[in-house]
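All residue numbers in this chain count up from 1 along the given sequence. Hydrogens, waters and symmetry mates are skipped; everything else that's a heavy atom, side chains included, is used.
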Amino acid sequence: MTVRTPTPSSVAHTLPIPTWEEVLKRNSIERMKREKFPLDIIHELPELIEKGYEAVPEEDIVRLNWWGLTHDKPKVGTFMVRVKVPGGHLRPGQLRALGRISQQFGRGYAELTTRQGIQFHWVRLDQLPEVLEAIQGAGLTTVGGEGDTVRNITGCPVSGISRDELFEVQPIIEDVARFFYGNRDYSNLPRKHKYSIAACRFQCNAPEIHDVALVGVIKEGRPGFAVRVGGGLSITPRVARDLGVFVPLDQVIPVLRAITDSWQENLRYRRSRAKARIKFMVDDYGAEGVRRMVEERLGYRLENYMAPLPEGEADHLGVHPQKQEGLVYVGVPVPMGWITAGQMVQIGDFVEDVGGDIRFTRQQNFIVGNVPEERLEWLLERLAHVGFPVDINPAYGTSIACTSHQFCNYSVAETKEKLKELLEVLDQRFGTRIRGLKIHMDGCPHACAHHWVGDIGLQGTVSRQPDGRLVEAYDITLRGGLGVRTAIGKPLIRRLPSAETTEAVVRLVDTWLREREQHNGQAEEFTFHEFCQAHTDEELKAIALGQEVPAPEAPKEEAIAIRIPGMLLYLTKGANIVEVRATTLREAIEEAGRQYPELKAHLVDERGEINATLNIYVDEEDVRFLRGLETPLKPGDKVLILPALAGG
């Protein structure tokens with residue numbers, strides 16, 4: 001189908017659109033992409049290897065993101081390699097192949113991801129060609145694992161076998177992946193772009209937080225999709241909005257193209273990396289405005305249809321009968337998303353033996369599908385033998401953590417190890433009474449583990465102690481949720497030292513469970529989310545901190561918070577937030593410089609201008625589009641510093 005470009009007059013463009021000249025002047029990543037198309041860096045890999053890691057320009061390291069490759073922390077020459085698995089579906093031989101790659105190149109370690117993929121670490125630059133060839137040989141790819149691309153396409157992991165799906169979606173996901181993965185027309189987007197496609201009645205794939213989500217529906221006997229657009233988390237979380245349309249199955253790719261092209265061709269979303277995601281276009285034009293743009297590109301009106309609400313919750317853990325008679329699927333918790341090479345190889349063998357398949361989930365677990373009922377006990381015994389008992393506390397399967405402090409250059413606090421500590425304590429204290437509790441733990445504001453929508457969300461930060469020491473700490477976010485309880489959480493406790501965080505979580509959970517027991521036979525219905533809704537913010541804080549509920553205080557003037565990224569913490573002796581009081585950005589940097597002279601020297605060059613290697617944002621706005629160092633500030637403003645070459 002021909003996809004038409006709408007004329008400026010056909011859609012009400014009331015917002016200023018920059019020129020390419022302005023975009024290239026302001027956005028270093030756009031300049032980098034213009035100078036050399038990022039996907040083409042793969043042809044230069046032998047030359048980069050010959051130069052040696054230390055001699056590779058940072059711009060080329062960023063371009064490697066487009067092949068799912070990024071610096072491990074510290075930046076000493078090893079890479080994280082992210083493998084895309086459309087819909088999370090794997091054959092047993094593919095899992096074995098991934099295990100062998102991990103064994104040979106990744107020190108036998110791997111992590112399951114929240115996009116139903118898998119990633120390795122410790123891969124040297126000179127090993128990348130062999131690793132990429134092995135991944136391709138397994139029928140998988142890393143292309144578009146990072147960078148300004150269509151990322152791994154997610155869905156319901158039990159598509160094709162669930163009794164609760166409206167129709168099978170996995171073949172559609174694979175068609176969409178074949179079209180978009182590595183497609184040059186969709187590998188120079190303003191920012192990363194995330195699709196999710198499912199027909200799960202429970203909407204377990206989290207359509208609420210995707211850039212574009214296709215939600216399976218049946219309209220007048222025809223299978224198709226409703227569409228939600230503009231979800232996403234990071235520093236500015238948004239819930240996706242209903243486009244109000246019905247998309248027949250044969251129009252999925254044209255509609256996805258029209259949505260994505262409406263965004264990627266609007267230069268307003270290439271000027272600033274901080275406001276480049278499609279959620280900002282939905283903010284600017286509204287769902288109705290985006291729909292008009294899409295329909296004009298398609299050349300026809302889409303049918304009206306309201307996106308349905310989920311019919312409940314499903315984590316797909318445990319043993320469930322399939323729609324195929326005599327078969328079951330097994331949802332296996334993977335604590336912290338950790339899996340070893342040996343486990344992958346052995347699980348691949350077990351699953352092949354029973355004639356099944358493997359499906360990764362967005363909760364960093366895996367599912368074994370198509371298991372004959374008579375082989376179930378045999379499989380469960382072997383899974384337990386290799387370290388994956390299905391009957392462990394379900395909270396291990398509903399809680400997630402990001403890549404963590406060990407590997408991520410943005411992280412400022414431990415996540416996977418801290419989550420392990422938390423769950424062990426909760427399991428010991430409360431057992432399976434915490435079934436269904438969702439703890440989401442991130443090491444930085446990027447929210448890769450979705451702390452905004454967990455029952456308990458923790459974001460890593462640092463806290464200054466009375467003796468001047470800086471220690472790892474966490475912000476605690478409550479009231480978040482997905483599905484029938486969709487809500488962006490609210491940070492209620494700031495910079496709680498790590499040593500105090502576990503007990504704060506225990507107090508919250510203990511109070512929830514005690515109140516649940518008082519609900520006269522309806523205890524199971526009193527979820528942690530409902531517990532939070534039954535209390536004020538002040539009450540929840542007091543419960544967490546073991547304090548009496550305080551009397552209301554007179555409001556205090558908020559400081560201006562300058563947020564420091566992980567790779568610049570050496571300039572502030574580990575402080576990731578510097579609080580100042582100022583009326584302009586220049587004054588804020590001056591005051592921060594009195595606390596940390598090296599920080600000021602890094603932010604402002606010898607000409608007195610903002611360092612060209614950095615981007616600075618005030619409340620999401622790039623200061624280059626405001627008044628630069630003279631940008632006015634007010635109490636409570638947030639100043640964000642990011643490297644200009646943060647590829648994402």
Short side-chain to backbone donor-acceptor contact, R91 and D357, under 3.5 Å: no
Who pairs with T114 by side-chain contact (heavy atoms from CB on, under 4.5 Å), at least two apart in sequence or on another chain? Q364, I400, H450
Output yes when R201 and E165 qualify as a salt bridge under the 4.0 Å nitrogen-oxygen rule, no when they do not. no
Would you say the rings of F366 and F360 are close, in the sense that their centroids are separated by under 6.0 Å? no
Salt bridge E111-K416, side-chain N to carboxylate O under 4.0 Å: no
Aromatic ring pairing H320/Y329, orientation class (parallel under 30°, perpendicular over 60°, tilted between): parallel
Only one of T149, T141, T142, N152 clears side chain to side chain donor-acceptor pair (under 3.5 Å) with Y181; which? N152
Between Y186 and F179, how do the two ring planes meet: parallel, tilted or perpendicular, split at 30° and 60°? tilted
When every non-hydrogen atom of P308 is compared with those of A226, the smallest separation belongs to CD-CB, 4.2 Å
Is the ring pair F531/F528 parallel, tilted or perpendicular, if the boundaries are 30 and 60 degrees? tilted
Closest non-hydrogen atom pair between L478 and D455, with its separation: CD2-O, 3.7 Å
Indicate whether any N or O donor in one side chain lies under 3.5 Å from an N or O acceptor in the other, for T154 and K194. no
Is it the case that R514 places NZ or CZ above or below the six-membered ring of W512, under 6.0 angstrom from the centre and within 45 degrees of the axis? no
Is the closest side-chain heavy-atom distance between V212 and I197 below 4.5 Å? no
Check D211 with R151, please: is the shortest side-chain N to carboxylate O separation under 4.0 Å? no
S102 side chain to L98 backbone, donor-acceptor under 3.5 Å: no
